[in-house]
Amino acid sequence: MGAQLKLYNTATRVVTDFKPLQPGKVGIYLCGATVQAPPHIGHVRSGINFDILRRWLVASGYEVTFIRNVTDIEDKILHKAAHENLPWWAVAQKYERAFTEAYAALNVLPPTCEPRATGHITQMIELMQLLIDNGSAYAPGNGDVYLEVRKLNSYLTLSNQKLDDLQPAEDADLTYKKDPRDFALWKAAKPGDPSWPTPWGAGRPGWHLECSAMAHAYLGESFDIHGGGLDLIFPHHENEIAQSVSAGWGFANIWMHNAWVTTSGEKMSKSLGNSLQVTEILKQVRGIELRWYLGSAHYRSMLEFSFEALEEAAVNFRRIEGFLKRATDLLGSTPDGIIPPGFAEAMNEDLAVPAALAVIAEILRNGNTALSANDKAGVRTAASQIRGALTILGCDPFDSNFTSAEKSDEKVLDGLVSLALEQRAAARARKDFAAADEIRDQIAVLGVVIEDTAQGTRWSIG
RNA sequence: GGUCGGAUGGCCGAGAGGCGAGGCUCAGGACUGCAAAUCCUGCUACACGGGUUCAAAUCCCGUUCCGACCUCCA
């Protein structure tokens, strides 16, 4: 690829050259879902942003190990279980499945491994033992285990805060904690709660421990990239760093955080209701169109959601898709994907997708011009470049993830529409335009749109 | 109170000292039996007030407004 990939590192607040720890290999840990509700478009934006990063790294020749965890034990899941009158594990599984389906609908590649917190209690206990043995953590005897933040050599380096500036938690209970800011690695079991036995008593994991334990299990003591949403910087990622560094691990080299999907300028909250759930949006646009929309803003920019912008993005995407389909008709085969140089340049600049989209727009214009001129070589080049670019963005219309469902009925439909088009062609040939337009109008009512082109009449549903 | 972002044309959305990003909408034109699609042309914007500079949307100082995080969060 030639050019050097640069990435923004939250830890240093600057864009720097990406240098993998091992040549040719990249390890990524992405904080995935806490499975306590169906995914909304903000959740999947994170998945899409990091999926684009992953695809770009792979296209750039790296061997990528991509870990995205599932947090399947946590306070909210227990609350939800009580509320829905289901076992906690049924709640976790139900929403994990909802996330999996949403990711699939949006063509987010499955991770190399998708570890669950509850499957890594052993690793968590080992980590706690290590931290207690080296004096970083303490078990006050009630079943809890805490990390002692005052003993850390450095803390809050990602969020750049001072320990003394933190507002102490209102419910800080100093019965067991040495300092109100000490955070729980492990929570003692309450009656009726799920629990796992440990040397310090039965209980369940604190929020942060699982990511340190699982990142270590799959990526080792040091790895390249750790990602997640902006809101995870503090406390989640700070505490992951605290745990992992206290264990003597190097942990993540680069920290990347995606910005919000906002509504009315504000972060989407989980109390917002169902309207922005992925399944709801997918009733209005196709998965590939929603992905195009969510992926089109720079990952560090807020994306202000509106149905108008979503629709605009969908129309914009259909224009590109239309070109690829017309190009395929002309060429007689689907074009192979190649990466356009300008696109690569943009992606190497901290995944500058908007700049990359400008490159696609220019190629599209050239491609359409070539199409009008019946310039097959020009069409092939443009179509290949656009397909290559779309593949990186996860929006290749020829991707079987998007096309497989539609294939079966197509032959029958094509035959029927062709019959109507033959009638219309005959009417046009004898200059009976009233009859020809009548046919066009009638099938338009059924949702079939006709375009007369130099290569003949095309039809599409839309 | 502490920390961190943001404000760009009718709309969406990049850029981060000097060559009009791009898309959508709109207006005009080409092509077309008409339509659609496509292409061409047009629409010179950076919250406010100072400053630095030959040159500021971009850097500095101040102001206003919006938002995020401070132990539930993508």
Side-chain angles (χ1 to χ4, degrees), chain A residues 10 13 30-34 36-37 39-50 74-76 79 99 149 156 158-172 180-184 206-208 227-236 238-239 257-262 264-270 293 296-298 300-304 306 308-313 315-316 319 322-323 326 346 349 352-362 364-373 428 431-434 436-437 440-441 444 449-454 457-458 460:
Chain A
T10 306
R13 313 261 169 197
L30 174 63
C31 284
T34 298
Q36 48 94 11
H40 59 60
I41 54 176
H43 293 122
V44 292
R45 182 190 183 188
S46 181
I48 290 168
N49 286 155
F50 284 96
E74 194 258 348
D75 290 6
K76 281 210 163 185
H79 292 153
F99 270 83
V149 294
L156 309 177
L158 265 191
S159 59
N160 199 23
Q161 298 175 102
K162 294 190 177 84
L163 192 55
D164 293 321
D165 289 340
L166 294 185
Q167 289 178 353
E170 286 177 16
D171 58 351
R181 297 166 189 91
D182 288 351
F183 62 90
W207 176 30
H208 317 294
L230 213 48
D231 53 356
L232 296 181
I233 293 175
F234 183 88
H236 187 53
E238 295 287 15
N239 289 348
H257 294 93
N258 65 278
W260 308 128
V261 176
T262 56
S264 310
E266 292 181 15
K267 175 185 175 184
M268 285 173 51
S269 74
K270 288 174 180 170
Y293 173 61
S296 64
H298 187 93
R300 284 193 282 124
S301 294
M302 300 294 170
L303 178 64
E304 170 68 16
S306 72
E308 292 74 19
L310 173 66
E311 183 56 27
E312 182 184 301
V315 168
N316 185 256
R319 191 165 165 261
F323 165 72
R326 274 174 278 136
E349 282 299 319
V353 172
L357 297 185
V359 173
I360 293 177
E362 193 189 334
L364 179 65
R365 213 179 320 115
N366 295 338
N368 275 320
T369 302
L371 212 47
S372 318
R428 290 178 76 207
K431 305 270 187 212
D432 184 357
F433 296 118
D437 291 350
R440 182 169 63 193
D441 292 346
V449 178
I450 293 176
E451 299 166 26
D452 295 321
T453 73
T457 301
R458 301 184 70 255
S460 58

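Because only heavy atoms are used, hydrogens play no part in the values below, and waters and symmetry mates are left out as well, while side chains stay in. Just so you know, these numbers come straight off a predicted model, no measurement behind them. Chain identifiers are assigned alphabetically (A, B, ...) following the order of the sequence lines, protein sequences preceding nucleic acid strands; residue numbering begins at 1 within each chain.
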| Quantified in whole Å, what is the C1' atom distance between nucleotide B:G15 and nucleotide B:U58? | 8 Å

| message | Taking B:C39 as the reference, what is the distance to B:G6 when you measure between their C1' atoms (whole Å, please)? | response | 38 Å

| request: Would you check if A:Leu158 and A:Phe234 make a side-chain contact, meaning some heavy-atom pair closer than 4.5 Å? | output: no

| query | Can you find a donor-acceptor N/O pair under 3.5 angstrom joining the side chain of A:Arg440 to the base of B:A36? | reply | no

| Taking the nucleotide of RNA chain B with the closest heavy atom to each, which residue, A:Ala436 or A:Ala352, is nearer the 5' end? | A:Ala352

| For A:Asn368 and B:C39, is the shortest distance between a side-chain N/O and OP1 or OP2 below 4.0 Å? | yes

| task | Look at the side chain of A:Phe234 and decide which nucleotide, out of B:C70, B:G33, B:A14, has an atom nearest to it. | result | B:C70

| Closest nucleotide among B:G2, B:C39, B:C34 to the A:Asp437 side chain | B:C34

| field | Gap in Å between the two C1' atoms, one belonging to B:A36 and one to B:A30, rounded | value | 15 Å

| Which is true for A:Val261 with a 4.0 Å heavy-atom rule: it touches a base, it touches only sugar-phosphate, or it touches nothing? | base

| query | Just how far, in rounded Å, is C1' of B:A21 from CZ of A:Arg365? | reply | 11 Å

| d(CG, A:Leu158; P, B:C70) in whole Å | 15 Å

| query | Is any side-chain N or O of A:Lys162 closer than 4.0 Å to OP1 or OP2 of B:C70? | reply | no

| query | Could you spell out the base pairing of RNA chain B in dot-bracket, with Watson-Crick or G-U pairs whose two distances are under 3.5 Å, [ ] crossing and | to another strand? | reply | (((((((..(((.....[...))).(((((.......)))))....(((((..]....))))))))))))....

| request: Under 4.0 Å between any heavy atoms, over every strand shown, what does A:Asp452 touch: base, sugar-phosphate, or nothing? Just pick one. | output: base

| task | With the side chain counted from C-beta on, respond yes when A:Met302 and A:Leu230 share a heavy-atom pair under 4.5 Å apart, and no when they do not. | result | yes

| task | Compare side-chain N and O positions of A:Thr34 against OP1 and OP2 of B:A74 and report whether any pair is under 4.0 Å apart. | result | yes

| Does a side-chain heavy-atom distance below 4.5 Å link A:Lys76 with A:Thr34? | no

| said: So A:Glu74, base contact, sugar-phosphate only, or nothing? Heavy-atom distance under 4.0 Å. | reply: sugar-phosphate

| query | Which value, in whole Å, describes the distance between the P atoms of nucleotides B:G17 and B:A56? | reply | 14 Å

| request: For A:Ala259, report the nucleic acid contact type (base, sugar-phosphate, nothing); a contact means any heavy atom under 4.0 Å. | output: base

| message | Base, sugar-phosphate or nothing for A:Asn239? Non-hydrogen atoms, less than 4.0 Å. | response | base

| query | Between B:U71 atom P and A:His208 atom NE2, what is the distance in whole Å? | reply | 11 Å

| field | Same-atom distance (P) from B:C24 to B:G5, integer angstrom | value | 33 Å

| field | A:Arg428 vs A:Thr457 side-chain heavy atoms within contact, under 4.5 Å | value | yes

| task | Using a heavy-atom cut-off of under 4.0 Å over every strand shown, decide if A:Gly42 touches base, sugar-phosphate, or nothing. | result | base

| message | So if I take every side-chain heavy atom of A:Gln161 and compare against B:G2, B:G33, B:U38, which nucleotide ends up nearest? | response | B:G2

| said: Below 30° counts as parallel, above 60° as perpendicular, anything between as tilted: where do the rings of A:His236 and A:His208 land? | reply: tilted

| task | Give a yes or no on whether a donor-acceptor pair under 3.5 Å exists between the nucleobase atoms of B:G23, that is its base, and the side chain of A:Glu312. | result | yes

| said: Is there a side-chain contact between A:Arg45 and A:Ile48 in this structure, where contact means two heavy atoms from C-beta onward sitting under 4.5 Å apart? | reply: no

| task | Could you tell me the separation between the CZ atom of A:Arg428 and the C1' atom of B:A36, rounded to a whole number of Å? | result | 11 Å

| said: Check whether A:Ser46 reaches the backbone of A:Gly42 with its side chain - one donor and one acceptor, N or O, closer than 3.5 Å. | reply: no

| NA contact type, A:Leu232, heavy-atom cut-off 4.0 Å: base, sugar-phosphate, or nothing? | sugar-phosphate

| Can you find an N or O donor on one side and an acceptor on the other, under 3.5 Å apart, linking the side chain of A:Asp164 with the base of B:G2? | no

| task | Could you tell me the separation between the CD1 atom of A:Ile450 and the C1' atom of B:A36, rounded to a whole number of Å? | result | 10 Å

| task | Could you check which of B:A21, B:G13, B:A74 has an atom nearest any side-chain atom of A:His40? | result | B:A74

| message | Tell me the interatomic distance from A:Glu304, atom CD, to B:A7, atom P, rounded to whole angstroms. | response | 13 Å

| request: Would you give the length of the straight line joining atom CD1 of A:Ile41 to atom CG of A:Leu303, rounded to the nearest 0.5 angstrom? | output: 7.5 Å

| task | Report the distance from atom NE2 of A:His298 to atom C1' of B:G23, rounded to the nearest whole Å. | result | 18 Å

| note | Only one of A:Leu30, A:Val353, A:Asn258 passes side-chain contact (heavy atoms from CB on, under 4.5 Å) with A:Asn49, and that residue is A:Asn258

| What interatomic distance, in whole Å, is found between C1' of B:G10 and the corresponding atom of B:G49? | 28 Å

| query | A:Arg181 side chain to A:Leu163 main-chain N or O, any donor-acceptor pair under 3.5 Å? | reply | yes

| task | Determine: side-chain N/O of A:Arg319 to OP1/OP2 of B:U38, distance under 4.0 Å, yes or no. | result | yes

| message | With hydrogens left out and only the distance checked, is there a donor-acceptor pair under 3.5 Å joining A:Arg13's side chain and the base of B:C4? | response | no

| Mind checking the P distance from B:C4 to B:A74? Whole angstroms is fine. | 24 Å

| Within this structure, what is the CZ-to-P distance between A:Arg45 and B:G13, rounded to whole angstrom? | 10 Å

| message | Any N or O donor-acceptor pair under 3.5 Å from the base of B:G5 to the side chain of A:Arg300? | response | no

| task | Considering only atom P, compute the distance from B:C11 to B:C54 and round it to an integer number of Å. | result | 36 Å

| message | Any base atoms under 4.0 Å from A:Asn316, or only sugar-phosphate, or nothing? Heavy atoms, all strands. | response | sugar-phosphate

| said: Considering every strand and a 4.0 Å limit on heavy-atom distances, what is the contact class for A:Arg458: base, sugar-phosphate, or nothing? | reply: nothing

| A:Ala358 side chain, from C-beta outward: closest of B:U38, B:G22, B:G13 | B:G22

| request: Between A:Val315 and A:Phe433, just flag the one whose closest nucleotide in RNA chain B comes earlier from the 5' side. | output: A:Val315

| said: Can you tell me if A:Asn160 touches the phosphate of B:U3, counting only side-chain N or O atoms and a distance under 4.0 Å to OP1 or OP2? | reply: no

| remark: Closest non-hydrogen atoms of A:Ala37 and A:Phe99, given as atom of the first, atom of the second and distance, are O-CE1, 3.3 Å

| Is A:Ser301 near enough to B:A14 that one of its side-chain N or O atoms lies under 4.0 angstrom from OP1 or OP2? | yes

